[in-house]
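All ligand and atom numbering here is 1-based and tracks the order in the structure. Just so you know, these numbers come straight off a predicted model, no measurement behind them.
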Amino acid sequence: MNLKIVEYPDKRLKEKSKKVEKFDENLHQLLDAMNPFMIRTNGIGLAAIQVGVAQEILILNIPDEDGSQPEENLIEMINPVLTNQKGETTYQEGCLSVPHFYEDINRFETISVNYQDRDGNTKKLEADGLLSIAIQHERDHLNGILFIDKLTSSRRRKFEKEYKKFLKERKTSK
Ligand code: Y12
Ligand code: CO
């Protein structure tokens, strides 16, 4: 399966993803393609809508201290629901769909998440640190929300100006 990243300002990133109902071969093939794609593009989290599939699917692979992202770190979440959100933390977030930009974003510090695995089995995970931030960032994608939607209006205006410049420069350097 040949995946391609959907980049802002593509309207598909605003779509609300649909709950997965069929835990079939099509889902498995998509998940099998998403992890190597994410690692190859230097990602640590990826939602299916970022590759154009509007279904409640996300994957995470938080690097070890040496920066490696072994298969055993891979978490696949289908139909994730966040519960028990506590505390507050700030982290400079980036997103494969918004290349080149990093912004300080406030998130809950610890979360619980109920989800299903690729076979439809129900799971529960408690997360803090980078994993908690990544889950919240990716869950937002499933609701059509990007991290830049959380910026103040003045910061957002500055971002839009800089992003336009970045896209223009990237186009001319190709
Ligand atoms: C903390 C904060 C945000 C997340 C969400 C997942 N974000 C990513 O995986 C971001 C990946 C990313 C990778 C980049 O590298 C390349 O594109 C080669 C990147 O660099 C550029 O765009 C130049 C930016 C973001 C999880 C946890
Ligand atoms: Co993202």
Side-chain angles (χ1 to χ4, degrees), residues 2-17 30-31 33-71 73-78 80 82 85 87-113 115 125-151 155-156 158-174:
N2 200 12
L3 301 181
K4 195 168 173 278
I5 199 78
V6 174
E7 283 185 2
Y8 181 78
D10 193 309
K11 293 231 160 32
R12 284 175 289 175
L13 293 169
K14 298 246 80 164
E15 263 181 65
K16 203 169 151 35
S17 293
L30 174 64
L31 286 166
M34 281 172 71
N35 184 44
F37 175 76
M38 178 178 74
I39 308 259
R40 211 171 44 244
T41 51
N42 288 332
I44 60 175
L46 184 71
I49 192 62
Q50 293 182 271
V51 291
V53 178
Q55 293 191 28
E56 289 201 359
I57 299 166
L58 64 86
I59 65 166
L60 308 142
N61 194 324
I62 304 298
D64 284 341
E65 271 171 26
D66 64 359
S68 66
Q69 290 176 289
E71 191 89 20
N73 290 7
L74 173 65
I75 302 174
E76 298 172 341
M77 291 187 173
I78 318 297
L82 302 194
Q85 311 171 117
E88 204 185 291
T89 187
T90 304
Y91 192 84
Q92 199 168 55
E93 297 187 16
C95 178
L96 287 171
S97 294
V98 189
H100 198 70
F101 279 85
Y102 299 86
E103 298 282 353
D104 278 348
I105 303 294
N106 298 328
R107 301 279 183 188
F108 294 109
E109 190 169 23
T110 60
I111 56 164
S112 297
V113 53
Y115 65 99
L125 178 76
E126 275 163 31
D128 60 10
L130 194 55
L131 179 60
S132 166
I133 294 164
I135 294 169
Q136 293 172 70
H137 176 112
E138 301 308 331
R139 176 61 245 188
D140 271 354
H141 274 296
L142 306 184
N143 289 329
I145 297 166
L146 298 175
F147 74 110
I148 50 169
D149 295 331
K150 295 181 178 287
L151 298 175
R155 193 68 200 87
R156 177 63 180 256
K158 190 164 181 273
F159 160 78
E160 294 292 347
K161 217 169 136 191
E162 290 171 2
Y163 192 68
K164 232 177 237 167
K165 189 164 171 262
F166 161 72
L167 291 179
K168 204 171 153 191
E169 281 171 7
R170 190 174 67 171
K171 207 170 154 192
T172 51
S173 72
K174 267 184 187 168

Closest protein heavy atom to [atom], given as residue, atom name and distance to 0.1 Å:
atom	value
atom 12 (C) of ligand 1	L96 CD2, 3.7 Å
atom 18 (C) of ligand 1	N42 ND2, 3.4 Å
atom 21 (C) of ligand 1	H100 N, 3.4 Å
atom 9 (O) of ligand 1	I44 N, 2.8 Å
atom 2 (C) of ligand 1	E93 CG, 3.6 Å

Ligand 1 to [X] polar contact by distance, N or O atoms, under 3.5 Å:
X	answer
Q92	no
I133	no
G94	yes

#### Entry: side chain to side chain contact (heavy atoms under 4.5 Å, CB included), paired with L46, selected from L58, I39, I5, I57
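Considering L58, I39, I5, I57, a side chain to side chain contact (heavy atoms under 4.5 Å, CB included) with L46 is found only for I5.
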
So if I count the atoms of ligand 1 from 1 in the order they appear, which ones are less than 4.0 Å from some heavy atom of [X]?
X	answer
E138	5 (C), 6 (C)
Y102	19 (C), 20 (O), 24 (C), 25 (C)
P99	22 (O)
T41	13 (C), 15 (O), 16 (C), 17 (O), 18 (C)
L130	1 (C), 27 (C)
H137	3 (C), 5 (C)

Within reach of ligand 1, part of [X] (heavy-atom separation under 4.0 Å):
X	answer
F147	neither
M38	neither
Y91	side chain

### Message
For K11, is there any backbone N or O sitting under 3.5 Å from a side-chain donor or acceptor partner on E15?
### Response
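No.
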
### Query
Is there a donor-acceptor pair under 3.5 Å between the side chain of T41 and the backbone N or O of F37?
yes

### Message
So that I can tick it off, tell me whether E169 and K165 are bridged by a salt bridge, with the cut-off set at under 4.0 angstrom between side-chain N and carboxylate O.
### Response
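Looking at K165 and E169, the cut-off is met.
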
### Presence of salt bridge, K150 and E93, under 4.0 angstrom
no

### Query
the Co ion (ligand 2) as vertex, arms to NE2 of H141 and SG of C95: angle to 10°?
110°

Any side-chain heavy atom of [X] sitting closer than 4.5 Å to one from [Y]?
X	Y	answer
I62	N73	no
E138	H141	yes
R107	F147	yes
V98	L13	no
K14	D149	yes
P9	E160	no

### Query
Which N/O/S atom belongs to H137 and is the closest one to the Co ion (ligand 2)?
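It is NE2, the N, O or S atom of H137 closest to the Co ion (ligand 2).
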
#### Entry: Parallel, tilted or perpendicular: rings of Y8 and Y163 (30°, 60°)
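Correct class here is tilted.
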
